[in-house]
Amino acid sequence: MAALPVPEARPRGAFTRPEDIRQAYRQFDIVIAALLFFLFMALYHVFWMLSVGDWDFWTDWKDRQWWVFLTPVVSIAMPAAAQYIFWEKFRLPFAGTLLAVCLVVATWINRVMNMSGWAYFPLNFVWPVSMIASGIALDATLVLTRSYLLMSIFGGFFWALLFYLANWPLMAAFSLPVDVNGVLMSIADVQGYHYIRTGTPEYLRLIDRGTLRSFGQEPAYVSVAVAMFLSAVVCFVFVMIGRAFTKTQFSWLKRI
Amino acid sequence: MAEVIRAAACGSESDKLELGRWIPTTYIIVGSAIVAMIAIALRIYQQMYAWTVGLDATAPEFQTYWMNFLYAGFVVEALAATGIWGYLWMTREKKIPRLEAREELRRLGVFTAMIFVYVFAVFWAASFFAEQDASWHQTVVRDTAFTPSHIVLFYMTFPMYIILGVAAYLYGRTRLPRFAARHSLPWIIAVAGPFMLLPVVGYNEWAHSYWILEERFTAPVHWWFTFFAWTGFGLGGLLLQACDYLYELVTGKAQTYTATGSGEPQVDPALAFEREVA
């Protein structure tokens, strides 16, 4: 087939009327919005389950040391990176909330269909946490400050703080003490003993160890405080990684 | 309201149809429905045979119900990959002509629909069946690499999204002038990154065989999966390119790379300026 001549410029666009153009953009927006929902359900969920998943799977893993500390510090990474892309390129300040909603939908689907529907653990043993309050706070600080640095500092603080506060009502009942044959345990511990996970090394493990119990509730607040500071640092680092994802020139790659 | 705008903007019924559907939603719905039906069928098969005949890899019934299922899956995947990729390659235009804006926009719409179905398949693999794998391995002692959850996750849903991702890439490379003229690095990352999860499966099995038999989902063995999950962000870069492409096609106000008869890309003044600045 003979090649057609290449004109110097495109003679005309697909549409000429503003209404047509707006309609074309609108359809693109709707499809991309649905696409992003599935994309972030996949990306954020797989990142979440392989970095802090064990603490999210079971109530007895939701302790006052590692769950409170590790979950917000690690999980802020992806919303921070997405925040840069959404805000810098599209002026959309809701990446934190979007990812949190995607995550909670994806995790609930799994806990109902698989953890409960397939492995037959009761739902009140495998319920997932929610990061929606943290996501709203992250977005709100960006809108109010319009600064990535301030968003990282204050948004990171609120991300970790609200993670604990927002999920405490869900977890509180499972932290109640109970006497089992003369041994002090939490309700969550008892669940872990009754529903044995034979594939793990933790199936006969008390997550909350002695020092955590003897200090009462204080370790949780210490963990939250540390998580707040570290979340701020991780947030800013991953905002910069989000920036790297929006690069289009890749001159460094050409040099390599 | 949208209908009113379309009716006012378009003179004929065919124009109205084309205007409202430059992204073929039928492709999205049918493609996503096929993916969902495959995933749900796999999930039902697991519900029926995982706990009954999937606990002991040395049992004869495991061979019957799971290993033969795995081999059948390999055959179907090979046929699907050959058929879909082969069709896209064999029906390509070897020299992409200069296209009318509407035709190019239609192709961009098909491309967008293919990416949607690809992402939907990634969701089933990376979210739904991945965490299901956790529920299995934290309950059942690992006695083989080919467990009922692994067979579905690694060897069926992973290949499914890889086939769809590569198909979308092939479509862009062979039908869309801009992507035919040069490689889109974000798009390569978004396809090749999730593809790399499959080689990581090999590392995962090796590590589980020699190092950590019991399951802890946050173990370092699994961190390569996390690393390559981040490559899905490459779709953000592709989205930026698609926005620019869409603007050009809809308004005709920007002239960008075009595959020509001689194979040489035509560079528009805006991109030339961008290069100079960089």
Side-chain angles (χ1 to χ4, degrees), chain A residues 1-15 17 19-28 31-32 34-35 38-39 41-43 45-47 49-54 57 81 85 89 106-107 109-110 113-115 118-119 121 197-201 245-246 248-251 253, chain B residues 2 5-6 8-9 19-20 22-23 28 46-47 95 97-98 101-102 105 112 115-116 119-120 122-123 126-128 130-132 134-142 185 214-218 222-223 225-226 229 232-233 235-237 239-240 246 249-252 255 258 260-262 266 278:
Chain A
M1 186 179 69
L4 298 177
V6 179
E8 287 300 318
R10 190 178 291 283
R12 57 193 288 265
F15 307 116
R17 301 183 187 194
E19 294 86 357
D20 299 355
I21 294 172
R22 194 163 66 240
Q23 180 66 22
Y25 288 158
R26 183 175 300 155
Q27 193 193 12
F28 187 68
V31 170
I32 294 300
L35 182 151
F38 285 112
L39 178 69
M41 277 210 287
L43 298 187
H45 189 198
V46 74
F47 168 69
M49 76 176 79
L50 295 174
S51 54
V52 294
D54 295 288
F57 292 157
I85 299 170
K89 297 297 180 184
T107 49
I109 289 172
N110 257 282
M113 298 298 297
N114 295 326
M115 287 284 193
W118 196 45
F121 291 108
R197 289 145 290 179
T198 45
T200 75
F245 270 107
T246 60
T248 57
Q249 291 302 323
F250 296 103
S251 55
L253 188 63
Chain B
I5 291 173
R6 272 185 301 207
L19 174 61
W22 74 271
I23 300 176
I28 293 176
Q46 286 178 317
Q47 195 81 21
K95 291 176 183 175
R98 181 71 181 159
R102 285 214 166 195
L105 184 66
T112 307
I115 295 172
F116 187 99
V119 168
F120 187 64
V122 170
F123 156 73
S127 173
F128 186 85
E131 193 174 298
Q132 186 209 36
S135 70
W136 178 265
H137 282 305
Q138 302 205 341
T139 315
V140 180
V141 174
R142 180 190 294 264
L185 187 58
E214 68 274 7
E215 190 68 29
R216 188 180 289 175
F217 231 48
T218 53
H222 296 153
W223 288 354
F225 289 113
T226 307
F233 269 65
L235 283 170
L239 174 62
L240 295 175
L246 177 62
L249 292 175
V250 167
T251 65
Q255 169 77 4
T258 303
T260 65
S262 62
Q266 185 84 12

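Computed from a predicted model, the values in this text were never measured in an experiment.
The parts of Leu39(A) that come within reach of chain B are both its backbone and its side chain, each placing non-hydrogen atoms under 4.5 angstrom from that chain. With a 4.5 Å cut-off on non-hydrogen atoms, Leu235(B) touches chain A through its side chain but not through its backbone. In this structure, chain B has heavy atoms under 4.5 Å from both the backbone and the side chain of Phe28(A).
Ranked by heavy-atom pairs shorter than 4.5 Å toward chain B, the options Leu35(A), Leu50(A), Thr107(A), Val46(A) are led by Leu50(A). The residue among Phe116(B), Phe120(B), Trp223(B) with the most heavy atom pairs within less than 4.5 Å of chain A is Phe116(B).
Side-chain contact between Leu246(B) and Leu105(B) is present, with at least one heavy-atom pair separated by less than 4.5 Å.
Distance alone, capped at 3.5 Å, places no donor-acceptor pair between the Gln132(B) side chain and the Met115(A) backbone.
A search for side chain to side chain donor-acceptor pair (under 3.5 Å) contacts involving Asn110(A) returns Asn114(A), not counting sequence neighbours. Applying the side chain to side chain donor-acceptor pair (under 3.5 Å) test to Thr218(B) and every residue at least two apart in sequence or in another chain returns Asp54(A).
In this structure, Ser135(B) and Trp118(A) approach most closely via the heavy-atom pair OG-CE3, 3.7 Å.
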